J.: 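What follows is a structure written as structure tokens; I'll ask about it next.
The first residue in the sequence is number 1, and the count goes up from there. As a basis for the values below, the full set of heavy atoms in this structure was taken, side chains included, without hydrogen atoms, waters or symmetry mates. Remember, it's a predicted structure, so these values are computed and weren't measured experimentally.
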Amino acid sequence: MTKPNTQPPMIGPYQLPNQVILAPMAGVTDRPFRQLCRRLGAGWVVGEMVTADPSLWHTRKSKLRMDHQGEPAPRVVQIAGGDAEMLANAAKLNAELGAQVIDINMGCPAKKVCNKAAGSALMRDEALVADILDAVVKAVDIPVTLKIRTGWSAEANNGLRIAKLAESAGIQALAVHGRHREQRYTGWAEYDTIAEIKSHLSIPVIANGDIDSPQKAEHVLSYTGADAVMVGRSAQGNPWIFQQITHYLAHNVLLAAPSLDERHCVLNEHIQALHAFYGETMGVRIARKHLGWYLNEDPRFSEQQSRLLKQQFNALTTPESQTDWINDAMTQDATARLLAKGSHAA
């Protein structure tokens, strides 16, 4: 294992400020979360997966996923589909709508995506992959990146062949999740395939999978030789992970955990941004899952206490009541008050 590369990569014309990237996650990496993670140290953020079928773009979900208003450059839009011409047209339309980078999804393991021969299902058909990459790259004059898995299954570990096709087609950066599709998110990510891919490519390679701490990020960069790491589920409820990894890579010193005041400030900022972005009804509903993730990461509460607190929060139906509850919860005596028998919040 060698020392990690400490030079942040360049993707197209964009020089990344650091080596830590927020992974695209459907239902998670909306505009409020992207902006928060960027403020807390993510050097590159990727939007939620958007279908390549423009006939579905009129839906509320698609419109919100394509809303990049007020976001700083570069605005990265991830598209998903199984038809080369449709993906090329989707790339062109998103570029016209303000996307500055197009990312192609060949990594999503979800059944509803794979059943439509999209996401990681594409890796079963290397000829189709080549057609898609060629069509999308030729369709736009902005950088195109790609996200893949190591393969479809343990017996079909063709990530390296796909990676070589990507570089030949003009893909400008490649993110590799260290699991094959059949693993979904179970088991452990492996990094040997990522290291092999990196050793054969000259474009930036981004390592993804189970990167949940600064030490793990350094290990993965050293082991694989990758140019950057991509953090997904470990950022849920813990957006501070980006500045923690960046600081550790630069100084080999761990940052102190965020104070209660800082947790309070960030949580309020995030929940209120969700209310503003989605509107009252949908914002309240989406805030519940994010609050649940923050509680999972809050060292003050046991697993059972977190479960009870989630039940309290999930019963709230207005932005004001959610904000009031958070202000109650983010105090030193919250455990005694909120969990006390007969509490008004119970």
Side-chain angles (χ1 to χ4, degrees), residues 1-25 29 33-34 37-47 72-78 100-107 143-150 159-160 162-163 166-167 171-179 189-235 238-252 255:
M1 193 159 58
T2 60
K3 286 187 176 181
N5 170 23
T6 57
Q7 178 62 41
M10 193 162 188
I11 299 177
Y14 301 107
Q15 176 64 62
L16 274 66
N18 59 51
Q19 295 174 279
V20 194
I21 294 172
L22 171 65
M25 293 178 283
T29 55
F33 192 63
R34 292 194 302 271
C37 291
R38 196 190 287 259
R39 184 174 76 74
L40 291 175
W44 183 270
V45 298
V46 185
R75 294 181 293 278
V76 187
V77 174
Q78 186 184 72
Q100 295 169 302
V101 179
I102 296 294
D103 184 61
I104 304 172
N105 182 318
M106 294 189 189
V144 180
T145 61
L146 174 67
K147 189 167 192 284
I148 65 172
R149 287 192 162 224
T150 57
L160 178 58
I162 299 289
E167 185 169 50
I171 293 296
Q172 298 200 29
L174 177 71
V176 185
H177 186 123
R179 288 180 173 86
E190 58 93 356
Y191 306 113
D192 290 329
T193 303
I194 300 175
E196 184 182 21
I197 288 171
K198 174 57 189 173
S199 72
H200 285 84
L201 266 58
S202 58
I203 60 173
V205 173
I206 301 153
N208 177 222
D210 295 347
I211 296 165
D212 56 5
S213 70
Q215 299 95 322
K216 186 66 172 287
E218 183 188 47
H219 167 76
V220 171
L221 286 170
S222 298
Y223 191 87
T224 64
D227 301 278
V229 291
M230 180 174 273
V231 179
R233 290 171 294 162
S234 295
N238 183 29
W240 298 275
I241 193 170
F242 298 100
Q243 64 187 21
Q244 290 167 346
I245 290 175
T246 301
H247 185 84
Y248 187 77
L249 293 177
H251 306 289
N252 200 35
L255 275 180

J.: Calculate, to the nearest 0.5 Å, the distance between atoms OG1 and CD1 belonging to Thr193 and Ile148 respectively.
T.: 9.5 Å

J.: Would you say the side-chain atoms of Gln172 pair up with the backbone N or O of Pro13, donor to acceptor, closer than 3.5 Å?
T.: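 Side chain of Gln172 to backbone of Pro13, a donor-acceptor pair under 3.5 Å: no, none is there.
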
J.: I'd like to know if Lys198 and Asp227 make a salt bridge, using a cut-off of under 4.0 Å between side-chain N and carboxylate O.
T.: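 So Lys198 pairs with Asp227 through a salt bridge.
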
J.: Can you name the nearest heavy-atom pair linking Ser213 to Ile241, along with the distance?
T.: N-CD1, 4.1 Å

J.: Check Ala73 against Arg38 and note the closest heavy-atom contact, atom names and distance.
T.: O-NH1, 3.4 Å

J.: With side chains defined as the heavy atoms from C-beta onward, is the minimum distance between Glu167 and Ser202 less than 4.5 Å?
T.: yes

J.: Quick check for you: to the nearest 0.5 Å, what is the distance between Ile171 atom CD1 and Ile104 atom CD1?
T.: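 Between Ile171 CD1 and Ile104 CD1, I get 4.5 Å after rounding to 0.5 Å.
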
J.: Just how far is it from atom CD of Gln244 to atom CD of Gln215, taken to the nearest 0.5 Å?
T.: 9.5 Å

J.: Say whether, by atom type as modelled, one donor and one acceptor occur between the side chain of Arg149 and the main chain of His177 under 3.5 angstrom.
T.: no

J.: Checking Gln78 side chain against Val46 main chain: does a donor-acceptor pair fall under 3.5 Å?
T.: no

J.: Looking only at heavy atoms, what is the nearest atom pair of Cys37 and Pro239, with distance?
T.: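 Reported closest heavy-atom pair: SG-CB, 4.2 Å.
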
J.: Atom CD1 of Ile194 and atom CD1 of Ile206: how far apart are they, to the nearest 0.5 Å?
T.: 11.0 Å

J.: Do side-chain atoms of Glu218 reach the backbone of Leu249 as a donor and acceptor pair under 3.5 angstrom?
T.: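 Not a single qualifying donor-acceptor pair exists.
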
J.: Looking at Met230 and Ala23, what are the two nearest heavy atoms and their distance?
T.: CG-CB, 3.4 Å

J.: Any donor and acceptor pair, going by atom type alone, linking the side chain of Asp212 with main-chain N or O of Ser234 inside 3.5 Å?
T.: no

J.: Roughly how far, to the nearest 0.5 Å, is CD1 of Ile197 from OH of Tyr191?
T.: 14.0 Å

J.: Do you know the tightest heavy-atom contact between Ala235 and Phe33?
T.: O-CZ, 3.4 Å

J.: Under the 3.5 angstrom rule, does the side chain of Gln100 hit a backbone N or O of Val76 as a donor-acceptor pair?
T.: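 Pair absent, no side-chain N/O of Gln100 close to backbone of Val76.
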
J.: I need the Leu16 CG to Ile21 CD1 distance, nearest 0.5 Å.
T.: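 CD1 of Ile21 is found 5.5 Å from CG of Leu16.
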
J.: Please give me the minimum heavy-atom distance between Tyr14 and Pro143, naming the atom from each residue.
T.: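 Shortest heavy-atom separation between Tyr14 and Pro143 comes out as CE1-CG, 4.4 Å.
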
J.: Treating Lys216 as the side-chain partner and Asp210 as the backbone partner, does any N or O pair qualify as donor plus acceptor under 3.5 Å?
T.: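 Checking the backbone N and O of Asp210 against the side chain of Lys216, a donor-acceptor pair under 3.5 Å is found.
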
J.: Can you tell if the side chain of Val45 reaches within under 4.5 Å of the side chain of Thr29, non-hydrogen atoms only?
T.: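 Not in contact.
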
J.: Taking the side chain as every heavy atom from C-beta outward, state whether Trp240 and Leu255 have any pair of such atoms under 4.5 Å apart.
T.: no

J.: Is the shortest side-chain heavy-atom distance between Asn18 and Trp44 below 4.5 Å?
T.: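 No, too far: nothing below the 4.5 Å cut-off.
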
